[in-house]
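Letters A, B, ... are given to chains in the order of the sequence lines, protein chains preceding strands, and every chain is numbered from 1.
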Amino acid sequence: MPHRIKEIRERELFRLYDHEFLQLKSRNDRKQCEITYDFGNCKICDDKSTGIHYGISTCEPCKGFFKRSLLRHPEYKCNKSQSCSILPRKTKKCKFCRWHKCLKEGMSVDKIRMGRIPNSIKKHKVNNSIQNLSEINENIKILEFYKLIPFTFYREKFLNSSKENQTLVLSLLKDKTYQLFQECIEGFDSYETRALNILQSGYVPIDYERSQENIDFIRQTFLSFLKNHAMAVYKFINNLPGFDRLDKHDMNVMMNDNFFSLLAYRSYKLFLEDDCFLMLDEKVQFDKNVASIILGDEIQIKGFSHCFKMTSFRLTEIEIALSAAFIFTTFSQNLLNMDLVRELKEYYGRALYYVLTLNKRNKDFLENYIRELCKFPQMNKLCLEINYS
DNA sequence: TCTCAAGGCCAC
DNA sequence: GTGGCCTTGAGA
């Protein structure tokens with residue numbers, strides 16, 4: 001029977017029960033859809049998986065369990081040896097062991113994804129059977145991050161307030177962050193004026209002789225500069241709204257993970273005409289030559305290229321300030337209070353997105369900008385590995 | 001328009 | 001509390 005005629009007949013049959021008909025039809029359609037794609041078995045209980053939930057392939061019950069456990073897991077206790085097996089359709093599963101298996105297998109609110117799996121990734125998955133799920137999840141994660149908006153389960157908390165209140169919160173957050181960032185770059189405007197003057201009169205970089213004496217002097221100057229930078233970083237994040245709730249350990253980890261990234265944002269406007277005009281003190285300019293002496297040629301080239309790419313986005317000062325705050329909520333893992341950091345990420349991510357939208361940044365801009373933003377952790381790590389003394 | 005995942009609802 | 005099913009919303 002042609003599909004269309006079949007549908008009309010079905011409609012006739014159910015015309016008095018239109019609502020029920022639509023529900024039934026929806027159910028049937030769902031069943032047809034469900035068999036179109038095989039996600040394999042649930043990574044938690046080995047039951048039939050219904051899709052990627054919180055980053056991994058799981059069944060509906062385990063998805064629901066993880067959702068419910070996000071707030072309840074601190075109450076869970078294991079009455080045995082914390083190694084209970086999690087079997088399908090066994091309703092009285094040990095909650096403690098089930099929750100820990102979810103974490104072990106990689107379930108996380110960080111991996112929340114909306115919308116369908118891109119066809120390219122899906123095709124890749126089919127071609128490679130199901131063995132490379134973690135790689136696929138990683139691709140999904142990267143794609144999602146490019147989309148910038150880190151909306152998590154906290155969105156409900158956020159959305160509970162009215163639209164006007166949300167705008168007010170974002171606006172206040174934006175203003176406060178901007179004010180703190182301005183304090184963080186206090187004095188840097190004189191470097192910018194200096195740079196513009198030098199460039200106008202014809203800029204010739206100083207070619208330092210690489211004697212041991214000069215190298216030691218430059219390194220010492222850089223170390224002193226880093227001490228001041230550390231104080232600026234601390235002052236910035238310590239005063240950001242919400243950050244006062246972080247404990248010392250998490251604060252230190254975040255400082256470490258974003259130490260050089262914030263330096264890049266502080267000197268954002270000093271990358272001009274193929275060189276950097278940041279002053280380490282009154283005399284030493286952190287130009288290409290000085291940076292090569294301190295960082296080595298390879299990292300200098302990589303780092304400067306990254307910074308020039310960043311400056312090419314021509315961000316406004318508020319966008320720079322919010323980006324600087326946002327990276328602190330985004331690139332640190334294994335913190336003691338990840339829930340709080342996710343909450344902060346939600347607010348700062350939204351505030352950044354709010355400002356980018358106000359400035360009418362298009363999709364291409366956002367994608368390119370976030371792609372570049374993602375390079376910060378790697379650059380920061382490279383800089384941390386250098387021995388500066 | 002279709003597919004997919006998050007989150008809500010509710011019978012059990 | 002669990003798990004099946006539904007709605008919603010994002011994105012291809």
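Closest contact between the side chain of A:Pro61 and the listed nucleotides C:dG4, B:dA5, C:dT2 involves C:dG4. The side chain of A:Arg98 lies closest to C:dG3, out of B:dG8, C:dG3, C:dG1.
One interatomic measurement links the two molecules: CD1 of A:Ile44 to P of C:dT2, which rounds to 14 Å at whole-angstrom precision. Taking atom NZ of residue A:Lys63 and atom P of nucleotide B:dC4, one finds them 14 Å apart after rounding to whole Å. Atom CZ of A:Phe66 is separated from atom C1' of C:dG1 by 17 Å (rounded to the nearest Å). Remark: C1' of B:dC10 and NZ of A:Lys67 are 12 Å apart, rounded to the nearest angstrom. Whole-Å rounding puts the A:Glu60 CD to B:dA6 C1' distance at 10 Å. Separating the CZ atom of A:Phe65 from the C1' atom of C:dG1 is a distance of 10 Å, rounded to the nearest angstrom.
Among the protein residues, A:Lys95 comes within range of the sugar-phosphate backbone only, with heavy atoms under 4.0 Å from sugar or phosphate atoms but none that close to a base. As judged by a 4.0 angstrom heavy-atom cut-off over every strand, A:Gly64 is placed among residues making no nucleic acid contact.
In this structure the side chain of A:Glu60 reaches within 4.5 angstrom of the side chain of A:Lys63, judged on heavy atoms.
Taking 3.5 Å as the limit, the base of C:dG3 and the side chain of A:Arg68 contain a donor-acceptor pair of atoms between them.
Checked by atom type, the side-chain pair A:Arg194/A:Asn197 shows no donor-acceptor distance below 3.5 Å.
Aromatic ring centres of A:Tyr265 and A:Phe236 lie farther apart than the 6.0 Å criterion allows. For A:Phe225 and A:Tyr388, the ring centers are positioned 6.0 Å apart or more.
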